Amino acid sequence: MLMRDFYQRTTEVVARELLGKLLVRTHVEGDVVVRLTEVEAYLGVGDPACHTFGGRRTTRTETMWGEAGHVYVYLVYGLHSCLNVVTVGAGQPEAVLIRSGVVEEGLDLVRARRGSRVGERSLTDGPGKLCRALAISRADDGTDLCALEAPIRICDDGVEVPEGRVRHLPRVGIDYAGEAADWPLRFRVEPD
DNA sequence: TCTAGGATCGGCT
DNA sequence: GCCGATCCTAGAT
C-alpha cells in the first residue's frame, strides 16, 4: 500500500506514478479493485482549471487544502462524482483526478452497479463512471488513503508501466481555462 | 435568496 | 460525432 510520502511530491510526478497502481475499494456489498490507466494533474492556485485557482477556499474544496494522501470527491454537472487524490502538502491545494481504470476484481459487482446494458470497455472509462462502479460519492470526501483500515486505498503490486506506453495529453473538458487547457497534464496508458 | 455554469454521461444520428 | 439532461456549488445581490 502506498504511504504518505508517495503523495507528498509534485503533482505531476504523483500523477505519472499512479498509472498502473491498484485502487482498492472495500464496501459492504463487496470489494472492487481497479488498475489505473488515466489520470490528470491539477496544479492548485496557479492553475486556471483547478478548483483552488487564485486561492479559492470553500467548503467544497476544503480537503484539497489539507494533508496529502486524502481523497477529494466533488460533484460535477450536479450528478456525477469525481475522485481525486490530494498531493504535495497542507496549504498547497493540488490534486490528481482519477479518470479511468480497468477492473481487476469485483467485475460482477461493477456490472450490477453500472447496469447490464453497459459494455465491458465502458464500465470504468470516465471519472463519473469509475465512481459509480466503486460506489464512491461526496460522502467519501476526506477519506485518508494511508489509513490501514481505509475503505479506499491505493496499492503497488510491482507492475511497472514503461514510459513508452504513457501518453501525455491535454486535459479534458476545461476549455474555459485559456492556455492551461493545452497543458499536457493528462497521463494515459495506451492499450497493448 | 437568486443565477449561471460545469474536471460528464449516454442516447441518438 | 453531436446534443440535451440535471442539480449542486460558488459568487453575486
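No experiment lies behind these values; they were computed from the predicted model shown. A note on names: the letters A, B, ... follow the listed sequences, proteins ahead of strands, and every chain is numbered from 1.
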*With sequence neighbours left out, which residue pairs that include part of residues 141-165 of chain A fulfil the ring pair (Phe, Tyr, Trp, His ring centres under 6.0 Å) condition?*
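Checked against ring pair (Phe, Tyr, Trp, His ring centres under 6.0 Å) - neighbours excluded - no pair reaches residues 141-165 of chain A.
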*Identify, residue by residue, the members of residues 35-53 of chain A with a heavy atom below 4.0 Å from DNA chain C, and return them in order of residue number, or none.*
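Going residue by residue through residues 35-53 of chain A, none turns out to have a heavy atom under 4.0 Å of DNA chain C.
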*Tell me, which of residues 65-89 of chain A have any heavy atom that sits under 4.0 Å from an atom in DNA chain C?*
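Per residue number, the list reads Leu75(A), Tyr77(A), Gly78(A), Leu79(A).
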*For dC9(B), does OP1 or OP2 lie under 4.0 Å from any side-chain N or O of Arg132(A)?*
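Arg132(A) to dC9(B) OP1/OP2: no side-chain N or O under 4.0 Å.
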[X]: what forms a ring-ring contact (aromatic ring centres under 6.0 Å, His included) with it, not counting sequence neighbours?
| X | result |
| --- | --- |
| Phe187(A) | His168(A) |
| His27(A) | none |
| Phe53(A) | none |

*Could you please spell out the steps behind the ring-ring contact (aromatic ring centres under 6.0 Å, His included) verdict for His51(A) and Tyr74(A)?*
CA-CA 10 Å; His51(A) 290 164; Tyr74(A) 69 91; 4.6 Å; yes
_Residues within residues 166-181 of chain A bordering DNA chain B, heavy-atom distance below 4.0 Å_ =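 Val172(A), Gly173(A), Ile174(A), Tyr176(A), in order of number.
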Indicate every side-chain donor-acceptor pair of residues 145-154 of chain A with a distance under 3.5 Å to a residue at least two apart or in another chain.
{"residue": "Arg153(A)", "atom": "NH1", "partner": "Ala150(A)", "partner atom": "O", "Å": "2.8"}

*asked:* Counting C-beta onward and ignoring hydrogens, is there a side-chain heavy-atom pair between Thr61(A) and Arg56(A) closer than 4.5 Å?
replied: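 Contact flag for Thr61(A)/Arg56(A) side chains = no.
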*asked:* With a 4.5 Å cut-off on side-chain heavy atoms, are Pro127(A) and Ile98(A) touching?
replied: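 They are not in side-chain contact.
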*Give the C-alpha distance, both sets of side-chain angles, the deciding distance and a yes or no for salt bridge (charged side-chain N to carboxylate O under 4.0 Å, His left out) between Asp125(A) and Lys129(A).*
CA-CA 7 Å; Asp125(A) 65 344; Lys129(A) 299 177 189 180; 2.7 Å; yes
Would you kindly give the [atom1]-to-[atom2] distance between [X] and [N], to the nearest whole Å?
| X | N | atom1 | atom2 | value |
| --- | --- | --- | --- | --- |
| Asp125(A) | dA7(B) | CG | C1' | 16 Å |
| Glu62(A) | dT9(C) | CD | C1' | 15 Å |
| Leu97(A) | dG6(B) | CG | C1' | 14 Å |

_Can you list every stem that DNA chain C is part of, counting only runs of 3 or more consecutive Watson-Crick or G-U wobble pairs with both distances under 3.5 Å?_
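Counting only runs of 3 or more consecutive pairs, the stems involving DNA chain C are B:1-6 with C:7-12, B:8-12 with C:1-5.
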*So what does Arg186(A) touch, heavy atoms closer than 4.0 Å: a base, only the sugar-phosphate, or nothing?*
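Here Arg186(A) touches no strand at all.
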*From the options Asp140(A), Val96(A), Val73(A), Thr143(A), select the one residue that forms a side chain to side chain contact (heavy atoms under 4.5 Å, CB included) with Leu83(A).*
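Among Asp140(A), Val96(A), Val73(A), Thr143(A), the one that satisfies the side chain to side chain contact (heavy atoms under 4.5 Å, CB included) with Leu83(A) is Val73(A).
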*Is it true that Arg60(A) and Glu62(A) have a side-chain N and a carboxylate O under 4.0 angstrom from each other?*
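Result for this pair is no, no salt bridge flagged.
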*What are the two closest non-hydrogen atoms of Arg114(A) and Leu123(A), and how far apart are they?*
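Smallest heavy-atom distance, with atoms named: NE-O, 2.7 Å.
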Show me, pair by pair, the donor-acceptor contacts under 3.5 angstrom made by side chains of residues 100-111 of chain A, not counting sequence neighbours?
{"residue": "Ser100(A)", "atom": "OG", "partner": "Thr37(A)", "partner atom": "OG1", "Å": "3.2"}
{"residue": "Glu104(A)", "atom": "OE1", "partner": "Arg35(A)", "partner atom": "NH2", "Å": "3.4"}
{"residue": "Glu104(A)", "atom": "OE2", "partner": "Arg35(A)", "partner atom": "NE", "Å": "3.3"}
{"residue": "Arg111(A)", "atom": "NH1", "partner": "Glu120(A)", "partner atom": "OE1", "Å": "2.9"}

*Among all residues two or more places apart in sequence or in another chain, which pass the salt bridge (charged side-chain N to carboxylate O under 4.0 Å, His left out) test with Arg171(A)?*
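Result, salt bridge (charged side-chain N to carboxylate O under 4.0 Å, His left out) vs Arg171(A): Asp47(A).
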So which protein nitrogen or oxygen atoms get under 3.5 Å of nucleotides 10-13 of chain C's nitrogens or oxygens?
{"residue": "dA10(C)", "atom": "OP1", "partner": "Thr58(A)", "partner atom": "OG1", "Å": "2.4"}
{"residue": "dA10(C)", "atom": "OP1", "partner": "Arg60(A)", "partner atom": "NE", "Å": "3.1"}

*Distance, nearest 0.5 Å, that separates CG of Leu22(A) from CE of Met1(A)*: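 One gets 13.0 Å once the value is rounded to the nearest 0.5 Å.
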